[in-house]
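Here the structure is laid out as structure tokens; the discussion comes afterwards.
Just follow the structure's listing: the first ligand is 1, and inside any ligand the first atom is 1. Keep in mind that what you see is a predicted model, and the values were worked out from it rather than measured.
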Amino acid sequence: MLEELKEANEYIVEKIKEKDELILEMEAYAQEYNVPIVTKEVAEYLKFLVKSYKTKNVLEIGTAIGYSGILMAKEIKENGGKLYTIEIDEERYNLAQENFKKSGLDNIISIKGDALEEVKKIDDKFDFVFIDASKGHYMEFFEDSYKLLNDGGIVFIDNIMFRGYLYKEYPKRFKTIVKRLDCFIDYLYEREDKFVLLPFGDGVGLYFKETRKTEKI
Ligand code: SAM
């Protein structure tokens with residue numbers, strides 16, 4: 001979370017009253033075992049976006065224990081949508097399977113493996129891509145998943161401002177990741193389509209794939 005906005009975020013989080021038992025259980029688990037999941041206000045925004053855009057298919061890169069996946073799969077189910085979600089870590093993948101089962105949702109395709117390889121194998125199209133895995137590979141995740149994105153689709157990139165290290169002093173060990181993320185942001189601003197950078201959560205990037213105009217013959 002961006003430290004500068006900590007108090008504002010705390011205020012927002014206080015206002016959100018979660019009632020779903022499984023979601024509460026997963027939040028408690030993530031806190032106890034230090035599993036990085038989306039912050040509460042980002043979770044709300046994710047749900048808001050997929051709901052208001054009447055999203056069908058979603059691709060998630062970085063399942064962890066299935067928290068954001070379940071939130072999105074619930075919203076898209078009523079639109080006949082499916083969630084594809086990829087996780088590299090075996091233990092987290094297994095925990096996610098248990099949580100997906102408990103959720104009773106039948107529209108989740110959970111993939112175990114490295115998203116750098118797995119995204120390339122997917123034969124489907126998406127309205128929404130959620131990138132939330134190793135930050136050093138955001139550019140590759142973006143380029144691979146963009147190929148599967150429908151016109152009018154959105155790529156949601158979480159943690160893009162990496163604890164604020166992109167604009168303030170950072171520990172030397174993060175130099176490569178910080179440089180990569182900074183280049184990635186420049187690259188997104190320079191591309192066609194629309195990109196917006198939002199300073200909440202840990203920094204959110206939203207990329208909108210415009211519908212290409214076809215020339216009349
Ligand atoms: N989206 C989840 C949520 O909010 O509930 C949190 C995801 S967590 C921030 C990032 C996850 O991405 C970790 O569980 C990590 O093991 C996984 N990951 C990292 N690199 C990956 C890769 N190359 N392919 C697939 N998963 C990856």
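Using a cutoff of 4.0 Å between basic side-chain nitrogens and carboxylate oxygens, Glu192 and Lys209 are not scored as salt-bridged.
With a 4.0 Å cut-off on non-hydrogen atoms, Arg92 touches ligand 1 through its side chain and not its backbone. Under 4.0 angstrom from ligand 1, the non-hydrogen atoms of Glu60 all belong to its side chain.
With ring centers used as reference points, Tyr67 lies 6.0 Å or more from Tyr29.
Closest heavy-atom approach to atom 4 (O) of ligand 1 among the candidates Val35, Val42, Val38: Val38. Of the candidates Lys135, Met72, Glu87, Glu87 brings a heavy atom nearest to atom 11 (C) of ligand 1.
For ligand 1, one of its N or O atoms has an N or O atom of Ala115 under 3.5 Å away. Considering both main-chain and side-chain atoms, Asn159 never comes within under 3.5 Å of ligand 1 through any nitrogen or oxygen pair. For the pair Leu116 and ligand 1, the shortest N or O to N or O distance does not fall below 3.5 Å. Any N or O atom pair closer than 3.5 Å counts here, and Ile88 shares at least one such pair with ligand 1.
Considering only non-hydrogen protein atoms, atom 20 (N) of ligand 1 sits nearest to Ser134 OG, 3.3 Å. Summary of contacts: the protein heavy atom closest to atom 5 (O) of ligand 1 is Ser68 N, 3.1 Å. In this structure, the protein non-hydrogen atom closest to atom 12 (O) of ligand 1 is Gly62 CA, 3.4 Å.
Cation-pi geometry between Arg180 and Phe162 is not met at under 6.0 angstrom from the ring centre and within 45 degrees of the axis.
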